[in-house]
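What follows is a single structure, written as structure tokens, with notes after it.
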Amino acid sequence: MAMRIDQALVVTAADTLPSPRVHLGNPRTGATLRIQQTLIAGAREFLRAGGAVEMSHPIIGPVTDPGSRGAKQADIDYYGHQYKLMTSAILYKQASLLAFDRIFLVAPNVRLEPIETSSTHRHLTEFRQIDVEVAGANRDDAMALAEGVVRHAVTKVLVECAADLAILDRDPAVLEAFIREPFARVPHGEVVRRLRSGGYPQAPGTEIEWEAEELISRDASAPFFIAGYPKGSRGFYDKESTAEPGTLLNFDLIAPESCGELCSGSEREFEYAKIITRMRETGENPSKYAWYLDVVRNGIPASAGFGIGVERLTRWVAGLDSVWQATAFPKLAGVVSP
Ligand code: ASN
């Protein structure tokens, strides 16, 4: 059993974390990790064929993405300077467009998630994203690309991983049906209306709550996009709509079968003055972001991009109960583990 930080914080999901010997010795874990490898290979294949260049981003830096829902950043003492572990590579993705028009990363992220996330079945404190950024793209382009990546990666699993899907009792016909049709695009306001008319008290004009997201995910017959989250719910880099002030040109991709969000992305703010305004509006001190603002001040391309959660995509494709099962050495909030 994993050790716990504090008995008072013990949660059901943490109780079920097995030791590495048990977890890695389980044939289901082996099958899951082979499926994950195939998903990453499929994403890489698709993105490279579309002209994207794979890059690596820093793991530590003076500043990181402030936009992750309720998660704390992890500090590193970097020769007397307080650095951060990357919560996402967003700032580096935008800057990387100075070198290439299309880039992607398979990037590790660390987020010290609130303790209650250890029982949501879909949060890890350490995870990876297939992170993509494309110069000159708009939100529709980014959604189309994310859809293409997911469909290609899942198709590769269907073609190459029949034996692993069988070990996991995952019916390939069910998976195949989920990716056959185009993924719908649903405005955020419409999702709120549907939730409320179904009796869920989702507040309008805010982030979709985790429980609500699980509910709409459970009822979905295919992955679908929620587009246009309200301002205030996401980071300063998600561009605000000029046609609909107060609404961001962003999106989440929601998986079916109660798995919830697989991917989030947006069209980006890229103009210096707007970024400064958005930083201030979101409570960020621009002086912290010196290197990034220096890059932006001299001009970066307009762009759009997204990040697909590797373990979340694996969880859904493999048909697992919890996202921790989709990683070799899982880390859940509040649980001391390898
Ligand atoms: N990777 C996401 C994006 O590109 C951002 C995030 O993870 N917060 O929009």
Side-chain angles (χ1 to χ4, degrees), residues 40 43 47 52 54-59 61 63-74 84-97 100 102-114 117 122-135 137-150 188 207-208 210 213 225-229 231-240 248-254 260-270 275 278-279 282 284 289 292 300-313 323:
I40 294 172
L47 289 161
E54 182 167 3
M55 294 184 65
S56 301
H57 82 295
I59 297 168
V63 73
T64 184
D65 176 4
S68 32
R69 287 163 88 166
K72 283 204 207 117
Q73 302 178 350
K84 305 286 181 186
L85 290 179
M86 284 306 123
T87 51
S88 99
I90 175 66
L91 309 177
Y92 296 97
K93 285 203 297 177
Q94 283 185 283
S96 298
L97 298 178
F100 304 109
R102 289 169 173 258
I103 60 112
F104 74 99
L105 323 153
V106 182
N109 293 165
V110 173
R111 297 181 186 176
L112 303 179
E113 297 284 357
T117 63
R122 57 204 180 93
H123 288 88
L124 290 167
T125 54
E126 183 181 64
F127 65 99
R128 283 170 297 159
Q129 293 193 59
I130 298 165
D131 242 329
V132 180
E133 200 68 24
V134 179
N138 62 25
R139 175 174 56 184
D140 286 342
D141 301 328
M143 287 194 287
L145 188 56
E147 179 171 348
V149 171
V150 169
H188 174 274
E207 187 63 79
I208 305 289
W210 284 322
E213 199 177 278
F225 291 97
I226 301 178
Y229 285 75
K231 205 170 154 180
S233 62
R234 302 284 165 106
F236 61 78
Y237 46 82
D238 281 9
K239 191 173 171 61
E240 184 173 6
L248 301 173
L249 294 172
N250 62 3
F251 61 88
D252 276 6
L253 177 62
I254 308 294
E261 181 205 322
L262 286 181
C263 160
S264 68
S266 71
E267 217 166 301
R268 313 301 188 186
E269 296 289 4
F270 65 101
I275 290 177
R278 293 290 310 286
M279 280 181 171
T282 55
E284 288 301 311
Y289 294 86
Y292 171 73
I300 53 166
S303 68
F306 55 85
I308 298 172
V310 170
E311 293 82 1
R312 285 182 174 184
L313 178 63
V323 72

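All ligand and atom numbering here is 1-based and tracks the order in the structure. Side chains are part of it too, since the values below use all heavy atoms of this structure and drop only hydrogens, waters and symmetry mates. Quantities reported herein were computed from a predicted structural model and do not represent experimental measurements.
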Checking the N or O distance criterion of under 3.5 Å, is ligand 1 in contact with [X]?
X	result
R111	yes
E133	no
D131	yes

Out of all atoms in ligand 1, which are within 4.0 Å of some heavy atom of [X]? Include the element for each.
X	answer
Q129	1 (N), 2 (C), 7 (O)
G307	1 (N), 2 (C), 3 (C), 4 (O)
G265	9 (O)

Is the shortest side-chain heavy-atom distance between [X] and [Y] below 4.5 Å?
X	Y	value
H188	E207	no
I90	R268	yes
Y292	M279	yes
R312	C263	no

Which residue and atom name correspond to the protein heavy atom nearest atom 8 (N) of ligand 1, and how close is it?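 Here the closest protein heavy atom is D65 OD2, 3.0 Å.
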
Considering only protein heavy atoms, which is closest to atom 3 (C) of ligand 1, and at what distance to one decimal place? R268 NH2, 3.4 Å

Look at ligand 1 and say whether [X] reaches it with a heavy atom at a distance under 4.0 Å.
X	value
Q94	no
K93	yes
M86	no

Side-chain donor-acceptor contact under 3.5 Å, S303 with E133: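 There is such a pair (donor and acceptor under 3.5 Å, judged by atom type) between the side chains of S303 and E133.
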
Ring center gap for Y289 and F236 short of 6.0 angstrom: yes

Can a salt bridge be assigned to the pair D252 and R234 using a cut-off of 4.0 Å between side-chain N and carboxylate O?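 R234 and D252: salt-bridged.
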
Please work out whether any backbone atom (N, CA, C, O) or any side-chain heavy atom from C-beta onward of F306 is under 4.0 Å from ligand 1, and answer side chain, backbone, both or neither.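 Under 4.0 Å from ligand 1, F306 contributes backbone atoms alone.
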
Without swapping roles, check the side chain of R139 against the backbone of N250 for a donor-acceptor pair under 3.5 Å.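 Side chain of R139 to backbone of N250, a donor-acceptor pair under 3.5 Å: yes, one is there.
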
